[in-house]
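Chain letters run A, B, ... following the sequence lines, proteins first, then strands; residues in each count from 1.
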There are 2 protein chains.
Amino acid sequence: MKYIEKLRNSGLRPTKQRLKICEVLFDTEKTFHFTINDLSNKIKKQLNNKISLATIYNTVHAFEKKGYLKQIPINSNQTYFDTNVSDHHHFYDLNEQKLIDLENSDVGPIKILKKIEGKKIKSVEVLVKLED
Amino acid sequence: MKYIEKLRNSGLRPTKQRLKICEVLFDTEKTFHFTINDLSNKIKKQLNNKISLATIYNTVHAFEKKGYLKQIPINSNQTYFDTNVSDHHHFYDLNEQKLIDLENSDVGPIKILKKIEGKKIKSVEVLVKLED
DNA sequence: CACTTTTTTTAGAATCATTATAAAGTAGAA
DNA sequence: TTCTACTTTATAATGATTCTAAAAAAAGTG
């Protein structure tokens, strides 16, 4: 199965629960944004299946560490994740509290001119806040 | 007093506690980053004065709404604020968990090419994650 | 000044996302 | 199968933030 490798790479054994989580996360054409709570609900509805929060947290964090999911840097009481792990950015609609993808090509090239001794750049993320 | 206007503009009357908060926030040459907890401790040490968390939260949020403080979009369990409200960006050192200012001039101009119907851009914020 | 009304501060409780825990379940190797 | 190590789970713990209601302070009024 195609998700087994993703799990193994993330240091996780392919269990029933983890495979279900993979299905919901990766078995779609479109990528999407979610919170842990969103994901839990999606699993309940879509698969008619309850997986404990602890398992969901563990799995999502393992994927995030390996780069199969991305955290979206935004101030909210919940943490937002993205199944789109390509280099891209986000609009955040303040009124509707909704995230929208901004492809890299929608944002001009970004040059970081300042250097910090002994550190290298891991990622550059742009958040564009929108209002009415 | 110079802070009275800031408070009034934010819809707050100038009380003893709020003026103390202003002192710690705005009475320095250098701008700085802080969490509510940082600020509370700074008030204790620097002014030898305890102000309840509720008051600090209220005041900081009022200033943030008026633009006298900025929230820094970053995923953390605590919310980070910045007394530097000029247009600028941030490095985030993942290893030391420290924020560093990135002046606008340190980042090339950013062009957002995508438009969203009926929405206007309120801010563009760049977060550059650093690792060793 | 009194006295009333409104606003503010405060400590502590409530909330809520996230993390930790420990017991019961499951997978994989021998 | 049987043993061992890893997983899942429900539930508790944690910790930042928000809420609350009572006491304190400030403003308004005669």
Side-chain angles (χ1 to χ4, degrees), chain A residues 1 3-25 33-44 47-66 69 71-82 97 99, chain B residues 1 3-4 6-25 33-44 47-66 69 71-81 97 99:
Chain A
M1 235 261 245
Y3 303 129
I4 294 181
E5 194 195 347
K6 259 187 173 146
L7 286 165
R8 287 247 150 83
N9 268 331
S10 308
L12 301 175
R13 286 188 186 165
T15 63
K16 275 202 300 288
Q17 289 87 342
R18 287 169 180 162
L19 287 165
K20 294 278 181 199
I21 293 172
C22 285
E23 253 182 76
V24 173
L25 287 178
H33 307 128
F34 66 94
T35 64
I36 295 289
N37 196 49
D38 291 343
L39 182 54
S40 172
N41 290 331
K42 208 165 182 177
I43 291 166
K44 273 199 209 93
L47 304 184
N48 209 51
N49 207 307
K50 190 191 172 306
I51 297 177
S52 81
L53 279 181
T55 300
I56 300 176
Y57 272 101
N58 288 340
T59 307
V60 165
H61 283 143
F63 282 150
E64 197 265 336
K65 193 176 287 177
K66 254 302 170 188
L69 291 174
Q71 258 191 263
I72 303 172
I74 191 180
N75 283 114
S76 165
N77 51 335
Q78 286 149 268
T79 302
Y80 278 84
F81 294 91
D82 198 335
Q97 296 199 76
L99 281 161
Chain B
M1 236 263 247
Y3 303 129
I4 293 181
K6 259 186 175 147
L7 286 165
R8 287 246 152 82
N9 267 332
S10 308
L12 301 174
R13 288 184 186 166
T15 63
K16 273 201 302 286
Q17 289 86 342
R18 288 167 180 163
L19 287 166
K20 293 281 181 197
I21 293 172
C22 285
E23 251 182 76
V24 172
L25 287 178
H33 308 126
F34 66 94
T35 64
I36 294 291
N37 196 50
D38 291 342
L39 182 54
S40 171
N41 289 332
K42 207 165 181 176
I43 291 166
K44 274 199 208 94
L47 303 184
N48 210 49
N49 207 305
K50 190 190 173 306
I51 297 177
S52 82
L53 278 179
T55 300
I56 298 177
Y57 272 100
N58 288 341
T59 307
V60 165
H61 283 144
F63 282 149
E64 197 265 336
K65 194 177 285 175
K66 255 300 170 189
L69 290 174
Q71 258 190 259
I72 303 173
I74 192 179
N75 284 114
S76 165
N77 54 333
Q78 286 149 270
T79 303
Y80 278 82
F81 295 90
Q97 296 200 79
L99 283 160

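Checking side-chain atoms of B/S10 against main-chain N and O of B/K6 turns up a donor-acceptor pair under 3.5 Å.
For the side chain to side chain contact (heavy atoms under 4.5 Å, CB included) test, residues two or more places apart in sequence or in another chain that qualify with A/T79 are A/Q71, A/F81, B/N75. Judged as a ring pair (Phe, Tyr, Trp, His ring centres under 6.0 Å), and not counting sequence neighbours, B/Y80 has no contacts. Residues that satisfy the side chain to side chain contact (heavy atoms under 4.5 Å, CB included) test with B/K20, not counting sequence neighbours, are B/E23, B/L47, B/N49, B/I51. For B/N58, the side chain to side chain donor-acceptor pair (under 3.5 Å) criterion is met by no residue, not counting sequence neighbours. Taking B/K65 as the reference, nothing meets the side chain to side chain contact (heavy atoms under 4.5 Å, CB included) condition, with sequence neighbours excluded.
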Summary of protein contacts for nucleotides 6-15 of chain D, nucleotide by nucleotide, where a base hit scores B, a sugar-phosphate-only hit scores S (4.0 Å, heavy atoms)
SSSBB-----

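The CZ-C1' distance, from B/R8 to C/dT8, rounds to 14 Å in whole Å. The CD1-C1' distance, from B/I56 to D/dA16, rounds to 13 Å in whole Å.
Among the heavy atoms of the strands, none lies under 4.0 Å from B/T35.
Not one side-chain nitrogen or oxygen of A/H61 sits closer than 4.0 Å to the OP1 or OP2 atom of C/dT18. Under 4.0 angstrom from either OP1 or OP2 of C/dT19 there lies no side-chain N or O belonging to A/Y57.
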